[in-house]
Peer 1: 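Below are the C-alpha cells for one structure; questions will follow.
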Amino acid sequence: MPGLTLGDTIPNLEVDTTDGKMKLHDYIDDSWTILFSHPGDFTPVCTTELGKLAAMAEEFARRGVKLLGLSCDDLLSHVEWIKDIEAYSQSKVTYPIIADPNREIIKQLNMVDPDEKDSSGAPIPSRALHIVGPDKKIKLSFLYPASTGRNMDEVMRVLESLQKASKHKVATPVDWKPGDPVVISPNVSNEEAKKMFPHGFKTVDLPSKKEYLRFTNVE
Ligand code: BEZ
C-alpha cells in the first residue's frame, strides 16, 4: 500500500459523518480507533460487514476502541442504508460513517481500490482498515478487495495483540488467541525478563542454543 502506512500519523482531516462534521484527531482523542472503508452503500458484502461491527461495537468499546466507517456515498444515502444494516444485523449502528462523495478522503487515507471504478470511472474505496493507536499513528492496516469480506473476529484478535504489545515488551506468536501465552521481545535480556514478568517465563531449547524463544503470560 503506497502512501499512508504503518507508523504514520493519520492526517487530521475534517470529515462529514452521520454524527456530524468532525476532525479525525478529535474523534480519536486518546482512544484506539478502527477506521474501515467500504466500496459502496447498499452492496451485499458491505452490509454484512457493517452489521457485524454494529453487533461487536460494545465489545470493542469495552477495550477502549472507537469505530469509524467510511463509504464514498453521501450522507443521505448512508442514513437510508443504516436502516438496512440494522434490520439485517438486528443491531444498532452506534458508530459514525464518513461520507466521501468527492473521493478526496479515500485518497488521503490510502483507501483507494486500485482496480475498481464506479460507473462514472471515479475511484472507489477498497475494503481498507486502519487500526490507529491513541498516539494517532497507524498500528496495522488491512487491504482487501471488494469481493472478499473481512473477518471481524480477526480484527478483534489483532487489536488485542496490539494492545498487549503496547503494554508489555511482548509479541504474539503464530495463531495466537487472547489468553494464550505470548513471547518476550528479543530486545529484553533474561535478567530484565525475570524482573518484568512476575509469572516467570519458559525458554524453548533450540538446536542453536540461542535463548530467543521465550513464552510468558501477561494480563
Ligand atoms: C459488496 O459489498 O457486496 C461489493 C461491493 C463492490 C463490489 C463487489 C461487492
Side-chain angles (χ1 to χ4, degrees), residues 1-6 10-11 13 15-22 24 27-28 32-61 65-132 138-159:
M1 252 209 278
L4 197 64
T5 189
L6 294 192
I10 193 128
L13 306 176
V15 292
D16 257 338
T17 81
T18 46
D19 285 0
K21 271 195 197 306
M22 57 174 73
L24 288 181
Y27 182 72
I28 296 165
W32 289 80
T33 302
I34 300 179
L35 171 60
F36 46 98
S37 63
H38 300 269
D41 295 1
F42 302 103
T43 52
V45 179
C46 300
T47 302
T48 62
E49 287 191 323
L50 274 96
K52 181 72 187 278
L53 285 171
M56 293 172 78
E58 260 182 44
E59 261 183 81
F60 280 112
V65 179
K66 292 179 180 172
L67 302 176
L68 180 58
L70 183 155
S71 176
C72 58
D73 298 290
D74 62 29
L75 284 180
L76 220 57
S77 165
H78 287 358
V79 170
E80 286 305 306
W81 183 36
I82 283 172
K83 294 177 195 164
D84 286 0
I85 298 166
E86 291 182 341
Y88 171 73
S89 65
Q90 295 291 292
S91 305
K92 198 111 190 84
V93 173
T94 51
Y95 51 81
I97 304 174
I98 299 171
D100 186 24
N102 299 323
R103 319 292 158 91
E104 281 310 317
I105 314 273
I106 56 169
K107 286 182 204 152
Q108 296 192 62
L109 295 180
N110 201 18
M111 292 176 141
V112 177
D113 190 319
D115 288 334
E116 302 274 344
K117 302 268 181 287
D118 69 9
S119 53
S120 69
I124 61 170
S126 55
R127 294 187 197 288
L129 184 148
H130 299 308
I131 300 186
V132 184
I138 303 223
K139 306 297 181 189
L140 180 140
S141 290
F142 285 163
L143 183 56
Y144 277 39
S147 57
T148 305
R150 288 157 286 194
N151 182 331
M152 300 307 175
D153 295 326
E154 171 64 1
V155 175
M156 177 66 82
R157 189 190 76 87
V158 296
L159 184 272

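Both ligands and their constituent atoms are indexed starting at 1 by order of listing. By convention here, the first residue in the shown sequence is residue 1. Values below: all heavy atoms of this structure, side chains included; hydrogens, waters and symmetry mates excluded.
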Peer 1: Any nitrogen or oxygen of T43, side chain or backbone, less than 3.5 Å from one on ligand 1?
Peer 2: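 Such a contact does occur with ligand 1.
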Peer 1: Hey, is ligand 1 close enough to A146 that some N/O pair sits below 3.5 Å?
Peer 2: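 No, there is no polar N/O contact under 3.5 Å.
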Peer 1: Of the protein's non-hydrogen atoms, which lies at the shortest distance from atom 3 (O) of ligand 1, and what is that distance?
Peer 2: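 Closest protein heavy atom to atom 3 (O) of ligand 1: V45 N, 2.7 Å.
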Peer 1: Could you check atom 4 (C) of ligand 1 against the protein and tell me its nearest heavy-atom contact, residue, atom and distance included?
Peer 2: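 Checked against all protein heavy atoms, atom 4 (C) of ligand 1 sits closest to R127 NH2, 3.5 Å.
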Peer 1: Would you mind running through ligand 1 and noting each atom that sits below 4.0 Å from a heavy atom of P44?
Peer 2: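 In order of number, 1 (C), 2 (O), 3 (O).
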Peer 1: If you measure from the Lys or Arg side-chain nitrogens to the Asp or Glu carboxylate oxygens, is any gap between K52 and E49 under 4.0 Å?
Peer 2: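 Looking at E49 together with K52, the answer is no, because their closest N to O distance does not fall below 4.0 Å.
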Peer 1: Salt bridge check: are K83 and E80 linked by an N-O gap of less than 4.0 Å?
Peer 2: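 Answer for the salt bridge query: yes.
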Peer 1: For the pair D118 and R103, find out whether any cationic side-chain nitrogen is under 4.0 Å from an anionic carboxylate oxygen.
Peer 2: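 Answer for the salt bridge query: yes.
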Peer 1: Cation-pi check for F60 against K66: NZ or CZ below 6.0 Å from the six-membered ring centre and within 45 degrees of the axis, yes or no?
Peer 2: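 No, K66 and F60 do not form such a contact.
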Peer 1: Report the nearest protein non-hydrogen atom to atom 6 (C) of ligand 1: residue, atom name, distance rounded to 0.1 Å.
Peer 2: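 That would be P39 CB, 3.7 Å.
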Peer 1: Hey, which of L70, I105, L109 is the one that makes side chain to side chain contact (heavy atoms under 4.5 Å, CB included) with V15?
Peer 2: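 Checked L70, I105, L109 against V15; only one passes side chain to side chain contact (heavy atoms under 4.5 Å, CB included): I105.
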Peer 1: Check whether any N or O atom of E116, backbone or side chain, sits under 3.5 Å from an N or O atom of ligand 1, and answer yes or no.
Peer 2: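 No; every N/O pair is 3.5 Å or more apart.
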Peer 1: For E59, enumerate each residue passing the salt bridge (charged side-chain N to carboxylate O under 4.0 Å, His left out) test, keeping only those at least two apart in sequence or located in another chain.
Peer 2: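 Not a single residue meets the salt bridge (charged side-chain N to carboxylate O under 4.0 Å, His left out) criterion with E59.
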